[in-house]
Each structure stands twice: as structure tokens, then as C-alpha cells.
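Notes follow once the structure below has been shown.
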Amino acid sequence: MQVSLTHHSTTRKSLEVVVPATTVSAEFGRVIARLAPKVRIPGFRPGKAPKDVLMGRFGREIEAEVAENLAKQLFWEAAAHVAVQPVSQPALESAELKEGADGRLKLHFDVAPHVELPAYKGLNLTKKKRRIDAETIQEHLEGLRQQAARFVPVEGAAAPGHFATFDVKVKPQGMKAQTFKDQVVQLVESRPFDAQLLGMTVEGEKRFTLDVPAEDPNRSLAGKTVSYEVKLKDLRERRVPELDDAFAKDLGDYADLEALRAHVAKELEEAAERDAVARLQTTILDHLLEAAPFEVPASMVALQLDDYCNEFAQVMARQGVDPRKINWGAYRQSRLNEAERAVRSGYLLQAIGNAEDIQVSDDEIDTEIRNLMAEHKIQQ
């Protein structure tokens, strides 16, 4: 096999492969034999049209398929012949193929970059950890307290701050009436509509009118009188538990509030440590990437962008957004730098791992997979 290698950049290469005439002719024969029974040519029974007729009608398509097939068949052998290791499938740039003659294929592809490792030992960097003080712990406890709030029914009349559920019929002056069911608002005394609901009790009904100011942004209602018919269906208030021993016991297996406080302090310290380590790792990686510039294969960046797009499409689909309506070109461009950094990071860490002869056992990989499955609740 005759193969010549051209270097376009540190990661982009091309091969020119001379394909023996016998190989070219054999592939033309296979493609034509596959095509012949599928086409209908006037004057010939299916599969009986002569080769020259088929080439005259479908020559361009046949040559394209022959070139694609030969590229797939010969690429990896040709790459090995010149001692290169591709990291991408070949892109066919040109093909010169005629039956009975030697052919030529020119194929572009990517290879992994050569990474010159920077000095990565003995770096002097500072791990910055968030300080967990009494105020931080108290803020977290207050958050737990707010999360534990309950909406309880109100006995008596509606007051500011209560959550009212009601049906309302709205009839603007000169317009058709509309009915709205199960509306929920937290009552605020300064709002004219809410003020009319204050003092009502559950199952109570009330009719009233309000004048809409002329400067109201809703121009269809501005300056008009609106009639309302309201039926109050439910009235609740948000009740936050006291931060005491009873609250701690309700929250979990804690003897008292101090036990809960100690648990929160421990969790916050552990979270702060994880966050500090993660930020330090990012700082180290940024430092090393800046000290070791190297080109990355465009095909690997494209694959990383494909992953980002697939993840984003799944998120949008869960939110009811049709992925076909997303401007994927703009999205890929917005994450291009991030994808390039991810690919560069992978090659840099791989180079360090090789230099340090870091070995990872199957058991360690299995354990990490199980941990990820448990974290994300993956059953299979």
C-alpha cells in the first residue's frame, strides 16, 4: 500500500492513499451488483441493465459510494502504515477512482496533541475556605425553620398576610364578564382588591366595584369601573415553627436544638471544605492550562459540544420546550470556549497521569460508578 502523510497542524493530518486497480474494480463491482436490482431502467428487466448503462445513469452516485466504502476499508490500515494514531473518523477530501486503474484517496483526520507538561509539582497556591461562624449556622437553621413552615386553616376573618383562595367574576364597564376559579393571593392591605376581601370568612360572598385609575398600564381597563363578585373558599396562614428542642426533634433524630446545631455546623464545615477543594482544583488546572498551551483536535471539541447539546436538549424537553426551536448554532458558539477547555483539561490530566504512572483498578471504577448511580438514583 502506497501512503503519504501530510502535517497540516499538530493535530490535523491528511493521508493520500494509492488504491490498487484490482481493489478499485472489485469495489465498483460490489456497489453495482448491490444497486442493479433496485433501479428501474426502461427497456431492461430489474438487475439486467448493463454496467455501462448503470454507470451512465448513476455514475456520480456509484463513484461516491465506492469512495466512501474504500475510505472506511483502508483508512485505519493506511494510518498504521505511516505510524499515526487517529482520534477521529476520516473526512474524504477528494477521490480519483476509475475502474481498471489505480485510484487515489485524500483523507483528513485528527490526532491527539503532544502535551509538553509544565512544572506541576510544588505549586504554591492557597486553598480558600469559607469561614463557618455562629451567624452562618443561625442563618442555616432559620432556612430550615422557614422550609418547615405549614399553611394552616384560619378560624375567623381574613386579615393582611393570610392566603385566600376564591372564585371571582369580573365585569369591566362595557365589557363581557369573565369568571376565574381557585385564585390564590396573599392579602396585602394596600392593594384595593385585597382590601375588599379583608374581614370576609370562608364561604362568604361579596360584591363590590373598583375604579381603575386612568394611568393604569392596562389600557383596556384604564379609567373604567370594574364590578366583582367574590366567593371565599379557603383561608390559610403560613405558620413557622419556633426554633426550639421540639423543632429539632421533629426534624430528625436529634435530642435537642443543640444537637441539631452541632449537626448543621458539621455539615456546613464539610460542605465548605468540599467547595474549597473544588475551587483549588479548578485554580490548579487553570494555572497548568495557562502554562501548557497546546492545540486540541477540532473533532474532539465538536464531540464535547455534542454532549452539551444533548444534555441541554433533555433539560429543555423536560421543561416543555421543543428542541427544534433552539438556535443550536448560537448555543454551540456560546459554549465553544468551555468545550475547548474541557478537551484540553482531559489531555493535560491524561499526560500527568501517564507521567506519574497512575493506575486505576476495575474495582475502583466500579465503586465510582455505583456511587454515581446512588447519587443520581439510577436503578440500572
Side-chain angles (χ1 to χ4, degrees), residues 5-15 61 64-65 67-69 71-72 75-76 78-79 84-95 105-118 120 274-275 278-354 365 368-369 371-373 375-378 380:
L5 174 66
T6 301
H7 302 275
H8 300 281
S9 73
T10 56
T11 62
R12 193 66 172 169
K13 317 292 179 185
S14 66
L15 295 175
E61 293 85 351
E65 186 171 342
E68 192 69 28
N69 292 348
K72 291 178 181 177
F75 173 63
W76 296 100
V84 293
Q85 294 183 317
V87 296
S88 69
Q89 293 296 328
L92 181 62
E93 179 184 329
S94 62
L105 299 174
K106 190 167 184 181
L107 306 168
H108 280 265
F109 61 96
D110 287 335
V111 298
H114 174 68
V115 180
E116 289 285 351
L117 283 176
Y120 58 88
R274 288 193 300 270
D275 181 63
R279 283 187 284 109
L280 179 60
Q281 289 172 341
T282 299
T283 301
I284 293 171
L285 192 53
D286 287 342
H287 178 86
L288 295 177
L289 287 171
E290 185 177 352
F294 57 89
E295 181 184 346
V296 291
S299 57
M300 295 295 100
V301 175
L303 287 174
Q304 184 67 52
L305 285 169
D306 288 345
D307 285 346
Y308 291 160
C309 288
N310 288 332
E311 292 171 2
F312 189 61
Q314 292 173 15
V315 171
M316 291 296 97
R318 286 195 294 268
Q319 295 178 4
V321 177
D322 186 348
R324 292 173 297 182
K325 296 182 179 179
I326 296 171
N327 185 338
W328 289 112
Y331 180 76
R332 292 176 77 90
Q333 186 62 37
S334 71
R335 300 198 67 177
L336 178 60
N337 291 339
E338 185 181 350
E340 289 176 346
R341 184 187 185 280
V343 174
R344 290 188 70 230
S345 299
Y347 279 116
L348 178 61
L349 293 173
Q350 182 183 51
I352 294 174
N354 292 339
I365 295 172
E368 185 66 16
I369 291 172
N371 290 340
L372 287 169
M373 290 174 66
E375 180 182 348
H376 297 286
K377 297 181 172 61
I378 299 171
Q380 185 174 352

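For reference, positions follow the sequence shown, starting with 1. In what follows, every heavy atom counts, from backbone to side chain, and hydrogens, waters and symmetry copies are set aside.
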Report task. Could you check if a side-chain atom of L303 sits within less than 4.5 angstrom of a side-chain atom of V343, using non-hydrogen atoms only? Result -> no
Report task. Evaluate side chain to side chain contact (heavy atoms under 4.5 Å, CB included) for I378 paired with L372, printing each intermediate quantity in order. Result -> CA-CA 8 Å; I378 299 171; L372 287 169; over 6 Å; no
**Report entry** Side chain W328, main chain P323, donor-acceptor under 3.5 Å
**Finding:** yes
Query - Ring geometry between F312 and Y331 (parallel below 30°, tilted from 30 to 60°, perpendicular above 60°) - result: parallel
Query raised in the report: Under 6.0 Å from the CD atom of E338, do we count more than 12 heavy atoms belonging to anything else shown?
Result: yes
Query - Straight-line distance of L349 CG to L288 CG, nearest 0.5 Å - result: 8.0 Å
Query raised in the report: Is there a side chain to side chain contact (heavy atoms under 4.5 Å, CB included) between L285 and R341 once you walk through the steps?
Result: CA-CA 10 Å; L285 192 53; R341 184 187 185 280; 4.0 Å; yes
Query raised in the report: Are M316 and I326 close enough, and set up right, to give a side chain to side chain contact (heavy atoms under 4.5 Å, CB included), and what steps lead you there?
Result: CA-CA 9 Å; M316 291 296 97; I326 296 171; 3.6 Å; yes
Query raised in the report: With a 4.5 Å heavy-atom cut-off, do E375 and N371 have their side chains touching?
Result: no
Query raised in the report: Any side-chain heavy atom of R332 sitting closer than 4.5 Å to one from D306?
Result: yes
**Report entry** T6 OG1 to H108 NE2 distance, which is reported to the nearest 0.5 Å
**Finding:** 8.0 Å
Query raised in the report: Given side chains that start at C-beta, do those of R344 and F294 come closer than 4.5 Å, heavy atoms only?
Result: yes
Query raised in the report: If you take all heavy atoms of P297 and A112, which pair is closest and at what distance?
Result: CG-CA, 4.4 Å
Query - Flag side-chain contact, heavy atom, 4.5 Å: S299 against T11 - result: no
Report summary line: Heavy-atom closest pair (F109 atom, P90 atom, distance to 0.1 Å) is CB-CA, 4.5 Å
**Report entry** Heavy-atom side-chain proximity of T10 to H114 below 4.5 angstrom
**Finding:** no
Report task. Can you measure from CD (E340) to OG (S345) and round to the nearest 0.5 angstrom? Result -> 11.5 Å
**Report entry** Y308 and S334, any side-chain heavy atoms less than 4.5 Å apart
**Finding:** no
Query raised in the report: Which distance, rounded to the nearest 0.5 Å, do you find between the CG of L280 and the CG of D275?
Result: 11.0 Å
Query raised in the report: Under 4.5 Å between any side-chain heavy atoms of L107 and E93, yes or no?
Result: no
Requested in this report: Of all the heavy-atom pairs spanning N327 and A330, show the shortest one and how long it is.
Outcome: OD1-N, 3.0 Å
Query - Considering all heavy atoms, the nearest L348-A292 contact - result: CD1-CB, 4.5 Å
Query raised in the report: Which heavy atom of Q89 sits nearest a heavy atom of W76, and at what distance?
Result: NE2-CZ2, 3.9 Å
Query raised in the report: Okay, side chain of S88, backbone of D110: is any donor-acceptor separation there less than 3.5 Å?
Result: yes
Query raised in the report: Between the side chains of S14 and H8, does any donor sit under 3.5 Å from an acceptor?
Result: yes
**Report entry** Gap between atom CD1 of I365 and atom CD1 of I369 - 0.5 Å precision
**Finding:** 7.0 Å
Report summary line: Value for CG (L105) from CD (E68), rounded to nearest 0.5 Å, stands at 10.0 Å
